[in-house]
Amino acid sequence: MTTLKNDRYLRALLREPVDMTPVWMMRQAGRYLPEYKATRAQAGDFMSLCRNADLACEVTLQPLRRYDLDAAILFSDILTVPDAMGLGLSFGAGEGPKFARTIDSKSAVENLPIPDPEQELQYVMNAVRTIRRELKGDVPLIGFSGSPWTLATYMVEGGSSKAFTKIKKMLYSEPHLLHLLLDKLADAVVLYLNAQIKAGAQAVMIFDTWGGVLGHREYLEFSLRYMQKIVEGLIRENNGRKVPVTLFTKGGGLWLEAIAATGCDAVGLDWTVNLAEAKARIGHKVALQGNMDPSVLYAPPQRIEAEVQQILADFGAGSGHVFNLGHGIHQDVPEISPKVFVDAIHHYSQPYHK
Ligand code: 1CP
């Protein structure tokens, strides 16, 4: 049994009583912190930072030194999995991700290997072990992966996309090929997340950043089905403690019941969803994570506090809420904003837990 000094985040995900609402921030390690930029410069480039367990640990801990966060998230990227499948990932200075090779044929899918997490992705597991050691039980560590659909968009498009032309063409004209790819990715993600759990991740989250660009039937068939397969394959208890799993589909507000029915412990929400409505729809089955618009952090402190109070009131009394931004923190928010945000959540949530 792992003893944690602060286990509010894990307890809230399991809808167990807490003294105040826990909070962490999506992309809490990143370029909005000057010390992150310094460590990244020291590493040379983004992937070298991910591959160096000590530096990955350092940037994971940086936001926790500044803010009273209730969880740490592994510093890595969702695209390490396709990289380990041989696609050759790089990040140019100031640019998004690029793959040297893309998936454009049946043979390309068939030839994709399923990476052994303790071989090709061992650097991630080493980062998890190092971070767990250095956290010294202060707060839990979140492991993560991309959803098969979201990973596939990058692998087929060759990088970031706006129109998703190639993968949608594949979806509508060669659905069997896309299913083959997604099924392989689901197998790879199960191995990858279970290895993170064995290495020390105390909760896991699946980022389905691009599920929201799909049509209704296509979301269920090409994104949710494979997240469900992952949920069914995950280790759900380790060292005598439950390992909660959170599914986050950006733009997934229309499919909350279906997402909650996968058997996950928590559903991540973006800011298009009203938390009170989401609680009424699925709060009896799962915990909710979210969901302040990250752009609120551009506003003055009083406006941030007002927004936090509104979201806390929307959720109302009781456990089952992990406060978070509805997506990643922007890199140019005022330095004081994250502290105002985190402290307001802890302060104003206490009456809801009496
Ligand atoms: O220049 C830099 O320093 C790189 C910026 C950066 C960072 C800080 C990238 C490149 N990845 C990360 C870390 C990261 N990525 C984390 C851990 C940090 C933390 O949360 O504290 C996590 C959880 C991710 C996950 C991730 N990567 C997602 C899913 C979440 C989301 O933001 O929607 C996605 C889609 C990616 C791909 C990716 N990696 C990096 C960028 C710039 C992108 C997005 C590209 C795009 O918009 O298509």
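Cluster annotation: Val190 is connected to Ile235 through the hydrophobic network of ILVMFWY side chains, with a link wherever side-chain heavy atoms come within less than 4.5 Å. Both Tyr9 and Ile73 are part of a single hydrophobic cluster, where members link through side-chain heavy atoms under 4.5 Å apart. Cluster annotation: Ile197 and Ile131 are assigned to the same hydrophobic cluster (Ile/Leu/Val/Met/Phe/Trp/Tyr, side-chain heavy-atom contacts under 4.5 Å, transitive).
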Kindly determine whether Arg236 and Val243 satisfy side chain to side chain contact (heavy atoms under 4.5 Å, CB included), including the steps that lead there. CA-CA 5 Å; Arg236 302 298 284 275; Val243 182; 5.7 Å; no

Evaluate side chain to side chain donor-acceptor pair (under 3.5 Å) for Tyr219 paired with Trp149, printing each intermediate quantity in order. CA-CA 9 Å; Tyr219 173 73; Trp149 162 256; over 6 Å; no

Set out, in order, the CA-CA distance, both residues' side-chain angles and the distance that settles side chain to side chain contact (heavy atoms under 4.5 Å, CB included) for Glu257 and Ile282, then state yes or no. CA-CA 6 Å; Glu257 290 80 3; Ile282 57 171; 4.2 Å; yes

Test log, rule side chain to side chain contact (heavy atoms under 4.5 Å, CB included), inputs Gln196 and Leu141: CA-CA 10 Å; Gln196 289 184 34; Leu141 175 62; over 6 Å; no

List the steps and the verdict of side chain to side chain donor-acceptor pair (under 3.5 Å) for His216 and Trp255. CA-CA 8 Å; His216 174 71; Trp255 304 304; 2.9 Å; yes

Take Leu79 and Leu87, measure what side chain to side chain contact (heavy atoms under 4.5 Å, CB included) needs, and give me the verdict at the end. CA-CA 10 Å; Leu79 301 178; Leu87 296 199; over 6 Å; no

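The two residues Ala72 and Val139 make their nearest non-hydrogen contact at N-CG2, 3.9 Å. Heavy atoms only, all atoms of each residue included: Val124 and Ser76 are closest at CG2-OG, 3.9 Å. Closest non-hydrogen pair, Gly158 versus Thr102, comes out as CA-CG2, 3.3 Å. Across every non-hydrogen atom of Gln202 and Pro140, the tightest pair is OE1-CA, 3.4 Å. Considering every non-hydrogen atom in both Ser337 and Ile304, the closest pair reads OG-CD1, 3.6 Å. The two atoms that bring Pro351 and His347 nearest to each other are CD-O, 4.1 Å, heavy atoms only.
The closest donor-acceptor contact from the side chain of Thr150 to the backbone of Thr209 lies under 3.5 Å. Using modelled atom types, no side-chain atom of Asn6 and backbone atom of Asp70 make a donor-acceptor pair closer than 3.5 Å. Of the possible donor and acceptor atoms, one in the side chain of Arg15 sits under 3.5 Å from a partner among the backbone N and O of His284. Of the possible donor and acceptor atoms, none in the side chain of Asp270 sits under 3.5 Å from a partner among the backbone N and O of Gly326. Side-chain atoms of Asn111 come within 3.5 Å of backbone N or O of Ser107 as a donor-acceptor pair. No donor-acceptor pair closer than 3.5 Å links the side chain of Asn126 to the backbone N or O of Ala53. At distances below 3.5 Å, at least one donor-acceptor pair connects side-chain atoms of Tyr32 with backbone N or O atoms of Gln28. Under the 3.5 Å distance criterion, the side-chain polar atoms of Thr60 are left unmatched by any main-chain donor or acceptor of Leu74.
With Val109 as reference, Leu181 is the one residue of Leu182, Leu185, Leu181, Asp104 to meet the side chain to side chain contact (heavy atoms under 4.5 Å, CB included) rule.
Salt-bridge annotation for Lys106 and Glu110: present, with a side-chain N of the basic residue lying under 4.0 Å from a carboxylate O of the acidic one. Of the charged side-chain nitrogens involved, none lies within less than 4.0 Å of a carboxylate oxygen, so that Glu134 and Arg65 do not count as a salt-bridged pair.
Checked against side chain to side chain contact (heavy atoms under 4.5 Å, CB included), Ala258 has the following partners two or more places apart in sequence or in another chain: Leu220, Leu224. Partners of Gln42 according to the side chain to side chain contact (heavy atoms under 4.5 Å, CB included) rule, which considers only residues two or more places apart in sequence or in another chain, are Thr39, Leu55. Listed by chain and number, the residues in a side chain to side chain contact (heavy atoms under 4.5 Å, CB included) with Leu14 are Glu16, Lys242, Pro244, Asp265 (sequence neighbours excluded). Listed by chain and residue number, nothing satisfies the salt bridge (Lys or Arg N to Asp or Glu O under 4.0 Å) test with Asp68 (two or more places apart in sequence, or in another chain). Remark: Glu307 engages Arg303 in a salt bridge (Lys or Arg N to Asp or Glu O under 4.0 Å) (not counting sequence neighbours). Every side chain to side chain contact (heavy atoms under 4.5 Å, CB included) that Glu35 has, sequence neighbours left out, goes to Leu33, Gln62, Arg66.
Residue pairs satisfying the salt bridge (Lys or Arg N to Asp or Glu O under 4.0 Å) criterion with at least one member in residues 45-54, sequence neighbours excluded, are listed as follows: Arg51-Asp83. For residues 233-252, the set of pairs meeting the ring-ring contact (aromatic ring centres under 6.0 Å, His included) definition, not counting sequence neighbours, is empty. Pairs engaging residues 58-78 under the ring-ring contact (aromatic ring centres under 6.0 Å, His included) rule: Tyr36-Phe75, Phe46-Phe75 [sequence neighbours left out]. Residue pairs meeting the salt bridge (Lys or Arg N to Asp or Glu O under 4.0 Å) criterion with at least one member in residues 214-231, sequence neighbours excluded: Asp183-Lys229, Asp187-Lys229. Identified under the side chain to side chain donor-acceptor pair (under 3.5 Å) test for residues 311-326, with sequence neighbours left out: Gln310-Asp314.
The distance between the ring centers of Phe323 and Phe315 does not fall below 6.0 angstrom.
Taking 4.5 Å as the limit, every side-chain heavy atom of Met47 sits out of range of all side-chain heavy atoms of Ser90.
A donor-acceptor pair shorter than 3.5 Å can be found between the side chains of Gln228 and Glu232.
Ring geometry for Phe144 versus Phe207: interplanar angle over 60°, hence perpendicular rather than tilted (30 to 60°).
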Output side-chain donor-acceptor pairs under 3.5 Å for residues 162-173, partner residues at least two apart or in another chain, one line each.
from, atom 1, to, atom 2, distance (Å)
Lys168, NZ, Val213, O, 2.7
Ser173, OG, Lys169, O, 2.3

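More than 12 heavy atoms of other residues, nucleotides or ligands sit less than 6.0 Å from atom CD of Glu237.
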